[in-house]
Amino acid sequence: MSSLSDTAGIARPPQGNTQRNGAARGSAAYRRITIALFCSGFATFSLLYCVQPLLPEFAREFHVGAAGASLALSLSTALLAVSIAVAGMISERYGRRELMFASMAVAACCNLLAAVAPSWHLILAVRALEGLALGGVPAVAMAYLAEEIDPAGLGFSMGLYVAGNAFGGMMGRVAMSILAESFGWRPAMLAIGVLDLMLAVAFIFLLPRSRNFVRNTGMQLRDHFALWKAHLCHDRLPLVFAIGGLAMGIFATSYNYAGFRLMGAPFSLSPTATGLIFSAYVFGIFASSSAGALADRFGRAPLVAAGIAISCVGLLLTCASILPLVIAGIVLITIGFFTTHSAASSWVGRLAQRGRGHAASLYLLAYYLGGSVLGSVGGWFWEHSGWLAVTAFMLMQAAIAAWLARRLWRSAPVASTT
């Protein structure tokens with residue numbers, strides 16, 4: 001296992017070389033890295049979630065139920081989760097930067113194909129391929145930041161990356177809602193695909209080449225499995241993985257089916273008005289960047305607990321029959337989710353003493369599987385018992401996440417919660 005490269009926040013340099021520090025906050029390299037990773041987060045999540053406001057439209061046009069329509073998103077997130085582990089292995093051998101660019105470019109092209117696909121099953125197949133391609137971005141981005149950013153500024157840079165995710169998710173939903181109602185969903189998907197292909201080109205020009213990455217050409221498949229096993233046997237990391245999956249399950253379920261509720265009685269909103277409500281994502285942008293900085297100062301554990309509590313308050317508010325309260329609930333769910341995710345994702349890098357790329361891949365595997373599986377299961381509750389049942393399902397997930405966070409907080413040394 002001597003070939004492992006991830007230790008103490010910065011990759012191990014070749015033997016005999018002097019270890020180089022990561023980019024310090026405020027430096028030109030730090031700015032280029034954070035802008036490029038913001039772009040990658042935007043492209044990834046605008047591509048991934050641009051179909052979410054279209055789920056009611058898919059249900060009508062292709063004569064499928066709410067749970068069936070959600071497959072356009074759930075298949076992408078499920079394949080994304082699976083591909084993350086493979087992408088992490090590839091990046092250990094061939095590098096982070098090039099893999100992220102290829103993933104963004106291929107996924108954007110898949111979105112273009114989905115826009116012109118003539119049948120529902122073909123749309124699902126292309127969306128599954130799109131999720132498979134996108135797996136090269138999230139886990140690799142987290143590993144790149146852990147290697148190339150000075151540990152003192154890692155929480156802030158991770159928060160900005162997650163903010164890019166939030167902005168992309170918001171624009172994917174809002175822009176798709178507006179464009180689809182004005183021009184149709186197919187031209188709207190084409191426009192988002194073209195935009196994100198351009199962002200992939202900007203990304204490769206902005207992102208500096210890795211300085212602290214060391215290729216692990218000698219790693220065998222058994223070495224990767226050994227690293228994953230070590231992380232899964234860690235006394236605290238699996239708890240963080242589970243919290244990420246549950247938090248994403250709550251968030252995906254709420255956003256998947258809020259559109260169905262808001263476009264039905266008693267609200268009867270138009271698709272554009274429903275999409276504008278998801279501008280609540282902007283609060284996630286500020287929450288994630290602020291949570292990253294606060295985590296550096298006060299520790300990860302308090303931020304995770306706060307995020308779960310905020311989400312619970314938001315879930316309860318969405319049960320109201322008054323539209324402003326429902327909107328406030330969606331805002332709080334968004335703030336709570338991004339607070340939890342930003343703190344938990346940076347916690348992974350602090351707890352994993354080696355193989356940080358592998359630890360990140362396991363976190364994101366749990367994260368996206370949680371969104372895919374729990375998000376689709378939520379459709380069963382919607383179809384059979386309506387929004388109150390969906391809310392009860394999400395509150396159950398929040399209760400489990402809170403219990404896991406309490407175990408994590410009580411069992412961890414003080415140093416590991418910071």
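Quick caveat: nothing in here was measured; it's all calculated off a predicted structure.
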Whether the side chain of Thr34 engages the backbone of Arg31 through a donor-acceptor N/O pair (distance < 3.5 Å, no angle test) should be reported.
yes
Looking only at non-hydrogen atoms, find the nearest pair between Val240 and Ala344 and report the distance.
CG1-O, 3.6 Å
Check whether any side-chain heavy atom of Met170 sits under 4.5 Å from a side-chain heavy atom of Phe283, and report yes or no.
no
Less than 4.5 Å apart, any side-chain heavy atom of Met100 and any of Ile204?
no
More than 12 heavy atoms of other residues, nucleotides or ligands under 6.0 Å from NE2 of His384: yes or no?
yes
Counting distance only, does the side-chain N/O of Ser372 pair as donor-acceptor with the main-chain N or O of Ser74 below 3.5 Å?
yes
If only atom types and distance count, is the side chain of Ser70 paired as donor or acceptor with the main-chain N or O of Ala67 below 3.5 Å?
yes
Taking the side chain as every heavy atom from C-beta outward, state whether Leu332 and Thr318 have any pair of such atoms under 4.5 Å apart.
no
Closest heavy-atom pair and its distance - Ala114, Val126:
N-CG1, 3.7 Å
Suppose we screen for ring-ring contact (aromatic ring centres under 6.0 Å, His included). Which residues come up paired with His231, at least two apart in sequence or across chains?
none
What are the two closest heavy atoms between Leu37 and Tyr161, and how far apart are they?
O-CD1, 3.3 Å
Answer yes or no: is there a donor N or O on one side and an acceptor on the other, between the side chain of Ser385 and the main chain of Phe381, under 3.5 Å?
no
Arg97 side, atom CZ; Ile33 side, atom CD1 - distance, nearest 0.5 Å:
11.0 Å
Stepwise side-chain contact (heavy atoms from CB on, under 4.5 Å) test for Leu227 and Asp223
CA-CA 6 Å; Leu227 278 172; Asp223 298 320; 5.9 Å; no
Please find out if less than 6.0 Å separates the ring center of Phe393 from that of Trp380.
no
Side chains of Glu130 and Arg127 in contact at under 4.5 Å (non-hydrogen atoms)
yes
If you define the side chain from C-beta out and look only at heavy atoms, does anything of Val194 sit under 4.5 Å from Leu112?
yes
Under 3.5 Å, is there a donor-acceptor pair between the side chain of Ser376 and the main chain of Val373?
no
Say whether Thr334 and Tyr255, considering side chains only, have a donor N or O and an acceptor N or O under 3.5 Å apart.
yes
Distance, nearest 0.5 Å, that separates CG of Leu395 from SG of Cys319
7.0 Å
With side chain to side chain contact (heavy atoms under 4.5 Å, CB included) as the test, pick out the partner of Leu48 among Thr77, Val137, Asn111.
Thr77
Nearest heavy-atom approach of Ala360 to Val348 is N-CG1, 4.0 Å
Measuring from atom CG of Leu71 to atom CD1 of Ile123, what distance do you get when rounded to the nearest 0.5 angstrom?
12.5 Å
In this structure, CZ of Phe337 is separated from OG1 of Thr339 (nearest 0.5 Å) by 10.0 Å
Measure up the Trp382 and Trp387 rings against each other and bin them: parallel (under 30°), tilted (30 to 60°), perpendicular (over 60°).
perpendicular
Counterpart residues, ring-ring contact (aromatic ring centres under 6.0 Å, His included), relative to Trp403 (two or more places apart)
none
Main-chain N/O of Leu80 paired with Ser83 side-chain donor or acceptor, under 3.5 Å
yes
In the structure I gave you, are the side-chain heavy atoms of Ile250 and Leu374 within less than 4.5 Å of one another anywhere?
no
Return yes if some donor-acceptor pair links the side-chain N/O of Arg173 with the main-chain N/O of Gly275 below 3.5 Å, else return no.
no
Rounded at 0.5 Å granularity, tell me how far OG in Ser311 sits from CG in Leu246.
11.5 Å
Could you walk me through whether Tyr144 and Leu207 pass the side-chain contact (heavy atoms from CB on, under 4.5 Å) check?
CA-CA 10 Å; Tyr144 180 95; Leu207 192 70; 3.6 Å; yes
Minimum heavy-atom distance between Ala72 and Leu55, given as atom pair plus value
CB-CD2, 4.5 Å
Centroid separation Phe251 to Phe338 less than 6.0 Å:
yes
Look at the side chain of Ser103 and the backbone N and O of Ala133, then say whether any donor-acceptor pair between them is shorter than 3.5 Å.
yes
Polar side-chain atom of Tyr257 near backbone of Gly375 as donor-acceptor pair, under 3.5 Å
yes
State, yes or no, whether a side-chain contact exists between Asp196 and Phe42 at a heavy-atom distance under 4.5 Å.
yes
Inter-residue atom distance Phe45.CZ - Gln52.CD, 0.5 Å rounding
12.0 Å
Give me the atom names and distance for the closest heavy-atom approach of Leu317 to Gly329.
CB-CA, 3.7 Å
Verdict with reasoning, Leu122 to Leu113, per side-chain contact (heavy atoms from CB on, under 4.5 Å):
CA-CA 9 Å; Leu122 190 55; Leu113 290 175; over 6 Å; no
Between Glu148 and Arg96, is there a side-chain N and carboxylate O pair less than 4.0 Å apart?
no
Would you please test Leu132 and Val82 for side-chain contact (heavy atoms from CB on, under 4.5 Å) and show each step?
CA-CA 8 Å; Leu132 191 66; Val82 173; 5.5 Å; no
Would you call Ile330 and Ser254 a side-chain contact if the rule is heavy atoms closer than 4.5 Å?
no
For Ser27, does its backbone N or O pair with a side-chain atom of Arg32 as donor and acceptor, under 3.5 Å?
no
How are the rings of Trp185 and Phe58 set to each other: parallel, tilted or perpendicular (split at 30° and 60°)?
perpendicular
